[in-house]
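Report on one structure; see the data block that follows.
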Number of protein chains: 2
Amino acid sequence: MSTAKQKILVVDDEPDIVELIAYNLKREGYQVHTASNGQEAVSTAKKIMPDLIILDVMMPKMDGIEACRIMRAMPEFKSTFMVFLTARSEEYSEIAGFNVGADDYIAKPIKPRALLSRINAILRRNAHSEELPNEKLEIADLVIDREAFLVFKDGEKIVLAKKEFELLYLLASKPGKVYTREVILKNIWEDSVVVTNRTIDVHIRKLREKIGENYVSTVKGVGYKFEA
Amino acid sequence: MSTAKQKILVVDDEPDIVELIAYNLKREGYQVHTASNGQEAVSTAKKIMPDLIILDVMMPKMDGIEACRIMRAMPEFKSTFMVFLTARSEEYSEIAGFNVGADDYIAKPIKPRALLSRINAILRRNAHSEELPNEKLEIADLVIDREAFLVFKDGEKIVLAKKEFELLYLLASKPGKVYTREVILKNIWEDSVVVTNRTIDVHIRKLREKIGENYVSTVKGVGYKFEA
DNA sequence: TTTGATATTAACAAATTATTAAACAGCACA
DNA sequence: TGTGCTGTTTAATAATTTGTTAATATCAAA
């Protein structure tokens with residue numbers, strides 16, 4: 001197992017609960033981050049890339065279910081664990097019905113012992129895969145290594161800027177699929193940031209400049225796609 | 001996210017509210033249609049078959065509840081989502097008491113963020129096909145891949161322009177069914193855009209030019225249909 | 001044959017993306 | 001605290017594709 005502390009993002013609008021959970025998780029040796037609503041959760045998660053996210057269901061601005069859905073739709077959170085915090089009154093089945101890709105549910109009121117054993121179990125399950133060779137995306141003659149933030153084109157290293165990388169990673173995560181500008185914006189930019197549509201073009205151009213012209217193709221009026 | 005725009009019909013007699021909602025939904029990537037009373041709502045809905053209908057409760061001619069009842073009674077709207085717009089003064093429970101088959105309620109005054117998160121949640125619940133292995137339409141010797149925005153004719157790739165593709169996709173989504181010009185316009189063009197009838201002919205022609213003459217047939221005086 | 005359609009074509013208009021250069025922001029480092 | 005990077009965004013313009021119109025030809029049914 002890697003010695004790096006595993007990161008957990010705790011999201012709840014009640015500071016007391018956040019603190020309670022954070023305290024216990026830290027004592028257990030995890031690196032804990034917090035957010036107080038769904039929006040914040042999404043933007044923080046993008047930054048720190050936690051191994052696990054604990055989401056309260058009911059929150060202002062954006063509830064946990066919505067936040068979960070949004071993140072699940074982003075390729076980089078494909079394998080991030082997400083756990084819901086539910087008040088007793090909210091039936092599990094009801095939540096589960098949203099079918100949003102949660103990995104577990106934890107009932108309030110929080111019982112620290114139970115919480116820890118649950119979290120430990122989930123992350124241990126995961127710990128094995130940490131040992132596995134670094135998840136790389138190999139496609140056409142490119143190797144896209146998210147962990148190292150590098151791209152190799154038949155063995156030759158290509159250094160991309162962050163946005164360029166994210167763009168490539170997104171498109172390449174489902175080759176052939178056309179990504180609209182809207183979707184691209186939602187995935188790569190913070191919700192709050194508003195940028196011109198032209199901004200995407202420019203990044204596409206720089207990306208093409210670096211990796212070559214034969215990977216990203218334009219579908220006029222629709223968007224861009226990865227296509228070898 | 002599936003690239004097929006989901007269709008939403010917004011029904012309210014106050015143009016300002018319709019505009020506010022339509023603006024926000026469009027920005028979010030939905031295809032928006034409007035109507036200003038229940039009667040109009042029912043007839044428009046039949047034409048465009050929206051994925052979701054937002055109905056104001058209080059309207060002239062036919063109120064939202066009545067419209068909802070009527071549509072729910074029609075088999076083709078069995079699984080269409082319907083959401084009511086209610087003024088604060090109207091108690092939810094009161095509305096709910098009508099038990100008419102609504103999926104949600106949204107309170108006025110409209111708060112764009114809340115509205116969007118609600119609508120997104122409802123529609124995404126439905127569209128978990130996103131994760132599924134790319135939904136293709138296979139018909140006759142054509143494969144119509146909406147995600148890649150491509151058509152294959154016995155293995156050979158055919159690139160269509162956006163409108164051509166939409167046209168083919170619409171017709172092929174229900175082979176044999178005749179689509180009137182009116183319905184085609186409502187489905188493929190924005191509500192606001194008005195184009196000549198001849199415009200459709202031209203697109204049909206270009207489509208036939210690219211995929212061949214044996215797929216789209218004309219029903220004179222009525223419209224077009226897909227027929228192998 | 002007349003009439004009310006649709007088909008066809010080419011010219012034109014509109015919309016979208018590409019390209020370039022320059023402004024701007026953040027950061028590491030002297 | 002400035003200075004020079006790197007990376008990001010904007011803005012302006014060019015290039016290209018796509019969409020629309022209009023005019024004419026053709027067709028099919030009454």
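Proteins get letters first, then strands, A, B, ... in listed order; numbering begins at 1 in each. Here the structure is a predicted model, which is why all the values come from computation and not from measurement.
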Taking [atom1] from [X] and [atom2] from [N], how many angstroms apart are they, rounded to a whole number?
{"X": "B:Glu209", "N": "D:dT18", "atom1": "CD", "atom2": "P", "answer": "13 Å"}
{"X": "B:Glu213", "N": "D:dC27", "atom1": "CD", "atom2": "P", "answer": "13 Å"}
{"X": "A:Glu190", "N": "D:dT9", "atom1": "CD", "atom2": "P", "answer": "11 Å"}
{"X": "A:Leu207", "N": "C:dA18", "atom1": "CG", "atom2": "P", "answer": "12 Å"}
{"X": "B:Ile200", "N": "C:dA5", "atom1": "CD1", "atom2": "P", "answer": "14 Å"}
{"X": "B:Ile184", "N": "D:dT20", "atom1": "CD1", "atom2": "P", "answer": "13 Å"}
{"X": "A:Arg205", "N": "C:dT16", "atom1": "CZ", "atom2": "C1'", "answer": "17 Å"}
{"X": "B:Lys162", "N": "C:dA15", "atom1": "NZ", "atom2": "C1'", "answer": "10 Å"}

#### Entry: Residue whose nearest DNA chain C nucleotide is more 5′ - B:Val219 or A:Asp201
B:Val219
### Query
If you pin A:Arg181 and B:Arg208 to their nearest nucleotides in DNA chain C, which one's is more 5'?
B:Arg208
[X] vs [N]: side-chain N/O to OP1/OP2 distance below 4.0 Å:
{"X": "B:Thr199", "N": "D:dG19", "result": "no"}
{"X": "B:Trp189", "N": "D:dG19", "result": "no"}
{"X": "A:Arg198", "N": "D:dA11", "result": "no"}

Return the nearest nucleotide to the side chain of [X]; candidates are [options].
{"X": "A:His203", "options": "D:dG19, C:dT9, D:dT9", "result": "D:dT9"}
{"X": "B:Val202", "options": "D:dT9, D:dT20, C:dA18", "result": "D:dT20"}
{"X": "B:Lys220", "options": "C:dT6, C:dT8, C:dT19", "result": "C:dT6"}
{"X": "B:Tyr224", "options": "C:dT6, D:dG19, D:dT21", "result": "C:dT6"}

#### Entry: DNA chain D: 5'-proximal contact among A:Lys163 and B:Val194 (nearest heavy atom)
A:Lys163
Sugar-phosphate, base or nothing in reach of [X], heavy atoms under 4.0 Å:
{"X": "A:Lys206", "answer": "base"}
{"X": "B:Thr196", "answer": "sugar-phosphate"}
{"X": "B:Thr218", "answer": "sugar-phosphate"}
{"X": "A:Phe165", "answer": "nothing"}

### Message
Against the six-membered ring of B:Tyr179, is B:Lys177 placed for a cation-pi contact (under 6.0 Å from the centre, within 45° of the normal)?
### Response
yes
Could you report the tightest heavy-atom contact between [X] and [Y], atom names first, then the distance?
{"X": "A:Gly176", "Y": "A:Lys225", "result": "O-CD, 3.3 Å"}
{"X": "A:Pro75", "Y": "A:Asn187", "result": "CD-OD1, 3.8 Å"}
{"X": "A:Ala67", "Y": "A:Leu55", "result": "CB-CD2, 4.3 Å"}

### Task
Have a look at A:Ile119 and tell me which of A:Ile8, A:Ile21, A:Asn24 forms a side chain to side chain contact (heavy atoms under 4.5 Å, CB included) with it.
A:Ile8
### Message
B:Lys108 vs B:Asp12, test: salt bridge (charged side-chain N to carboxylate O under 4.0 Å, His left out). Steps then yes/no.
### Response
CA-CA 12 Å; B:Lys108 292 182 184 179; B:Asp12 197 318; 3.3 Å; yes
